Number of protein chains: 2
Amino acid sequence: MTSLFSRMVDQPSAHAAVASPPGPGLPRRLSTEQILRAAEAVFAAHGYAGATMAAIAERAGLPKANLHYYFRSKEQLYRAVLEDILATWLADADHWIVPERDPAEALAGYIRVKMRLSRARADASRIFAGEMLGGAAHVRDFLSIELRAHVERLDDTFRHWIAAGRMRPLPGKHLMFCIWAMTQSYADFSVQMQAVLGRAGTLEEQDFEDATRMVLQLVLGAVAVDGGSAAGRRDTPPGHQGTARA
Amino acid sequence: MTSLFSRMVDQPSAHAAVASPPGPGLPRRLSTEQILRAAEAVFAAHGYAGATMAAIAERAGLPKANLHYYFRSKEQLYRAVLEDILATWLADADHWIVPERDPAEALAGYIRVKMRLSRARADASRIFAGEMLGGAAHVRDFLSIELRAHVERLDDTFRHWIAAGRMRPLPGKHLMFCIWAMTQSYADFSVQMQAVLGRAGTLEEQDFEDATRMVLQLVLGAVAVDGGSAAGRRDTPPGHQGTARA
DNA sequence: GTCTATATCTCGATAGAC
DNA sequence: GTCTATCGAGATATAGAC
């Protein structure tokens, strides 16, 4: 949450004002949380350029000037929102995809968590997607340092499984790209799916269950070392399902 | 290209000025093509709100006012770009995914075409993705009418194959969502992949080949009715590969 | 048809009262 | 710390000469 990312920011002290408040931190923390939540919604809906400070202020129920009191500029507010998102981004994969697990169990657990995230935090996913579309100017270093190392680690785990004959040989990085693409698209492209499936305002619980089953079938089918791919069908990996963030 | 889409526009006559030019159409057509190409690049890079008419004009090598001569407003120009994209969007699936083909051959052919499109027309894919992120305000009707019918048709073909025992039972619509997600993400999220794979400016030919193989393995493995999934591995469906647009 | 110059408006950011 | 009023940059769009 504080400074997890090597150099997400160009300017010296990103939001030090938020990290070390000079007075009693409580009201400050309340206001900033309020602003960040409003900003996440507005940035997700309109993108960085399309979002206006006025719209964020209105949604937060505050006058415009207060935003500039807590965040020096629009860009800094945007970066703060992005940090919030990225901070929680990598934990799940590192929790599930570890050499000790069975490959099918690990991937199934990860996919279920990611699908649940697409539903519960769709706005966060959309902001990240918009950032990628725009060339990722604000998170370049995060991608090529943190994320790259992260994927390298996952790929090592895949190689380990493959060498042990527990998983069919696959390009691990592209496997991750595909899993991300499928799971996140149920957040990023949900309008499209709603239209195609004839849903009114949002996708339904049933849709996410169907989607999860589809993704599981695709991934587990390709990963399974033989015909008997019984794992990950219905069972919950022992004692971890509840731990993962919703 | 002209008015393929039921009601993409709210205002009465979308760009009738382009459809029926009053003078010799050649210079007009040249300028509009020039503008549309520049607009596609700029809208893709900055989104609708982030793109400026000045930037589009500069890229097209024309003064700003000329854009407003050919297109009444920024929004109308954007819609024209979107129409251009959507017009070529649906043809491939209807070409490949037809009941007469073998399911594995059909899906393999379609996936290869979509992956090639992600490379050759990445900007178009990104504009569409941005439009989805923003709530699809400009293409709502296209999604819920044309695209919905399109997917319904594809789903019928899947049901046909499943009933004939040529394909494993799968939710056809979600299968299409997943195929789109995976193939298009190699255009929309290519910055992310470049960073993770350590590529300089763009993804390389080899990356797209690896990606295509990965997607094929995922989809064909889940679709194949038995263990012997020999189809779609390397061979080209007879006499159609060359027909598909690059 | 093409371009220069400009009107009009919106947004980010700040000054300064409270 | 909080808010009102406002400045100035930059955007869309147009007027009008050529």
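Keep in mind it's a predicted model, so treat the numbers as computed, not measured. Within every chain, numbering begins at 1; the chains are lettered A, B, ... in the order of the sequence lines, protein sequences first and strands thereafter. The analysis underlying the following values was restricted to heavy atoms, covering all of them including side chains, and did not include hydrogens, waters or symmetry mates.
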Given Arg126(B) and Ser190(B), is the side chain to side chain donor-acceptor pair (under 3.5 Å) satisfied, shown in steps? CA-CA 10 Å; Arg126(B) 290 190 192 112; Ser190(B) 65; 3.0 Å; yes
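We find that CG of Leu30(B) is positioned 12 Å from P of dG1(C), with the value rounded to whole Å. Whole-Å rounding puts the Ile35(A) CD1 to dG12(C) P distance at 14 Å. Rounded to whole Å, the distance from NZ on Lys74(B) to P on dT14(D) is 15 Å. The nearest whole Å value for the distance from the CE atom in Met53(B) to the P atom in dA7(C) is 20 Å. Summarising the geometry, the separation between OH on Tyr69(B) and P on dA13(D) is reported as 18 Å, rounded to the nearest angstrom.
Note: Phe208(A) and His174(B) fail the aromatic proximity criterion, with ring centroids not under 6.0 Å apart. Outside the 6.0 Å centre-distance limit, the rings of Tyr110(B) and His95(B) are not counted as a close aromatic pair.
Residues from residues 56-68 of chain A with heavy atoms under 4.0 angstrom of DNA chain C, sorted by number: Lys64(A), Ala65(A), His68(A).
Ring geometry for Tyr78(B) against Phe43(B) counts as perpendicular: the plane angle is over 60°, on a 0 to 90° scale with 30° as the lower cut. Note: Phe189(B) and Phe128(A) have perpendicular aromatic rings, judged against thresholds of 30 and 60 degrees for the angle between ring planes.
The CE atom of Met193(A) sits 11.0 Å away from the CE atom of Met176(B) when rounded to the nearest 0.5 Å.
Across all strands shown, Ala55(B) has no heavy atoms under 4.0 Å from either base or sugar-phosphate atoms.
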